[in-house]
Amino acid sequence: MASVEGRIRSLPNAAAAAMALAVAIVFLFSAAAPLASAESVEHTFVVSQTKMTRLCKETLVTVVNGQLPGPTIEVTDGDSVTVHVVNRSPYNITIHWHGVKQFRNGWFDGVPMITQCPIMPNKNFTYRFNVVRQEGTLWWHAHVPGLRATLHGAFIIRPRHGAELYPFPKPHREVPVIIGDWWEKDLAEVARNMTKNIFTAYASASTVNGLVGDLFNCSGVAKEGYVLDVEPGKTYLLRIINAGLFSEFYLKIAGHKFTVVAADANYVSPFTTDVIAIAPGETVDALLIADAPPGRYYMVALPNQAPLPDTQTPEYATRGMVQYKVSQGPCSGTTSVSSSRGTEEEGCRGPSSGDVPIVPEMPDIHDTITSFYFHSNLTSLRHHARLLVQRRVDERMFIVLGLGTICKQGHKFCKRGDSNEDILVATMNNVSFQPPAVTSTPLLEAHYYHTGPCGKMQDLPKMPPKLFNFTDEALIPFGPKEMRLEPTYKATLVRRFQHGAVVEIVFQSTAMLQGDSNPMHLHGHDMVVLAQGLGNYDPAKDGARYNHVNPPVKNTVLVPNLGWVAVRFVANNPGVWFMHCHYEFHLSMGMAAVFIVEDGPIMDTSLPPPPVNFPTCGHDIDLMPKISTSILRKVKPS
């Protein structure tokens, strides 16, 4: 430590302060248990298309290893992970490890043309990364437009020295609960259409662990839903993930309460609730105690949406079942979330005693305040975040999230409003993100070698170009008031940060042509949530409400409907990192930017070179050892 301190003293004051903060953070988290017993976890993901039956219809879907959801990756803190991806689908693919820090390892973050070239059809790629000082529930998903609806799975990190080190009673069993969508459409085409102002396709159903549930009875027979068998008096750790494309969900189980213990793989001060609100990209860990009278209880997932005058879209609730185990049977001990490979008739059936399941009372579909209160209840259990919540802030940004329009065919002037001359886009500070072309160099590579498009990109503005009443609901429908604010443009937006900079961002949702919330996800970093509120952010009034004691730590932060959220993060992970809304329509429409964290003063704070033989675009991606056909046969879809 003395040699590091010596280096710090030799730096200029600003750099020394930043370096001291970075070293302090590393030192703080390195005080955890030693990682001497780390293991290597290896998986093979074969991405292919297979037919699955839901809603009485056979649909061609793109999945990993023939499963929906895909395989669960289970590791312990300190493990190294190797995943061989074999792309047998017709699409370009990347896999993103949502919430994994990838410290100094952005080469394997899995964002096409941001960190890597996409894996083209009939090509292979191997991801290698370490899981360092993280515990909890994360997930993995495709990071290509639309396809994460079916290419996703849980990523579970347990304490290095076992479940006894959980900061809550050891559960009887751990159960992934993945909420998602069922689409009868070509998802790649759906995503392409959203960039062309075509918004006519919606999910046909919602799912719990890949099953649509018994609310759907297209054949006159209710469809099978996910069933969780429980034993009276036992405690279950539900690892809840929202893998949906378009909607935040409310989750309830009739007759039961949850104790929330973690969010986004960060422990929170436990609190009890009968409803969980979870937005796309978020994860929530909650304890469920089987303390109700033996019977059957519906587990209901209900999507919410902004009320009128916002555009109303088809939204479907789904439900599974919690049933008390009365005898041993084939369903006993079931924990897999990948039980549905081909047909919806698979899975466990409930007891045959004829008892009527109990249904929970759900919030209204237009109730957004329940979500606001749920997220306001999150506070950090371990006060590591105190160090991150520094009074000193190096850079402040006020990022306004909304919609706008650009003229078709590159025209500078066109008719706005309800017009066929413009295209609707999503914006951050009135600029819509333009992804780099697949034929170019990925931004991370260009940044490392100081070549390619990095010098041609535009800075993400610190402030919006105009200040107005952001939450004025008169801006939601087309009309003369919003038309003055519509014009925008597209650019590859970046923001550069010095290594160790403390960055504060206030995200402000707007009423511009919609009143949606916005789940904002930052790759490569966690964010400390200082405060959130409804209406327009007021720096004088709202800054005084910041939580400097136990703010929650998240990788995906929900900006409430017609409200705001203030976050801070330390830019201590060198590389190129994507920041974007996790609603698929907002991401496809351009609500994104790239954060570039510069190298620090020493090797351990600098981005290493790309791995040996790291592929370049236009060349065959085959960065993986040869896999025997016998192994591939084991993971071949059935």
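As the structure is a computational prediction, the values presented were derived from the model and not from experiment.
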Can you list the residues that meet the salt bridge (charged side-chain N to carboxylate O under 4.0 Å, His left out) rule with [X], with sequence neighbours excluded?
X      : result
Arg104 : none
Glu598 : Arg496
Lys170 : Glu164

State whether the side chain of [X] and the backbone N or O of [Y] hold a donor-acceptor pair below 3.5 Å, judged by distance alone.
X      : Y      : answer
Asn87  : Ile119 : yes
His580 : His521 : no
Thr150 : Val63  : no
Asn573 : Gly524 : yes
Asp264 : Thr556 : yes
Asn242 : Gly244 : yes
His98  : Gly281 : yes
Tyr127 : His96  : no
Trp107 : Pro608 : yes
Ser204 : Trp183 : no

Quiz prompt | Step-by-step side-chain contact (heavy atoms from CB on, under 4.5 Å) determination, Leu238 to Ile253 | solution = CA-CA 12 Å; Leu238 306 186; Ile253 298 175; 4.2 Å; yes
Among [options], whose side-chain contact (heavy atoms from CB on, under 4.5 Å) with [X] holds?
X      : options                : answer
Leu443 : Thr492, Val111, Thr115 : Thr492
Phe595 : Val494, Val576, Leu522 : Leu522
Val61  : Met52, Arg54, Glu184   : Met52
Phe168 : Leu237, Thr235, Leu381 : Leu237

Shortest non-hydrogen contact from [X] to [Y]?
X      : Y      : answer
Ala262 : Val268 : N-CG2, 3.6 Å
Phe433 : Ala593 : CD1-CA, 4.0 Å
Thr318 : Gly213 : OG1-N, 4.1 Å
Ala286 : Ile240 : CB-CD1, 4.4 Å
Arg133 : Asp77  : N-OD1, 2.6 Å
Leu444 : Gly575 : CD1-CA, 4.0 Å

Quiz item: Trp97 vs Phe129 aromatic rings, parallel, tilted or perpendicular, using cut-offs 30° and 60°?
Solution: tilted
Practice problem: Describe, in one word, how the ring planes of Tyr583 and Phe585 are oriented to each other, choosing from parallel (under 30°), tilted (30 to 60°) and perpendicular (over 60°). | Solution: parallel
Do [X] and [Y] come within less than 4.5 Å of each other through their side chains, counting heavy atoms only?
X      : Y      : result
Ile156 : Pro176 : yes
Ile73  : Val83  : yes
Val261 : Tyr166 : no
Glu74  : Ile157 : no
Leu251 : Met299 : yes
Tyr91  : Val144 : no

Atom [atom1] of [X] and atom [atom2] of [Y]: how far apart are they, to the nearest 0.5 Å?
X      : Y      : atom1 : atom2 : value
Lys325 : Lys234 : NZ    : NZ    : 9.5 Å
Met321 : Glu224 : CE    : CD    : 9.5 Å
Asn122 : Ser89  : CG    : OG    : 8.5 Å
Ile278 : Leu558 : CD1   : CG    : 10.5 Å
His525 : Phe103 : NE2   : CZ    : 8.5 Å
Leu302 : Arg319 : CG    : CZ    : 12.0 Å

Practice problem: For residues 276-285, pull every pair meeting salt bridge (charged side-chain N to carboxylate O under 4.0 Å, His left out), keeping only residues two or more places apart or in separate chains. | Solution: Arg239-Asp285, Glu282-Lys554
Quiz item: Could you give all pairs that pass the salt bridge (charged side-chain N to carboxylate O under 4.0 Å, His left out) test and reach residues 144-156, with sequence neighbours left out?
Solution: Arg148-Glu584
Exercise. For Ser247, enumerate each residue passing the side chain to side chain contact (heavy atoms under 4.5 Å, CB included) test, keeping only those at least two apart in sequence or located in another chain.
Key: Phe249, Pro303, Glu315
Exercise. Could you check Thr76 against Arg160 for side-chain hydrogen bond (donor to acceptor under 3.5 Å, both in side chains), going step by step and ending with a plain yes or no?
Key: CA-CA 5 Å; Thr76 55; Arg160 165 53 42 200; 2.6 Å; yes
Self-check item: Phe374/Phe258 aromatic ring centres below 6.0 Å
Solution: no
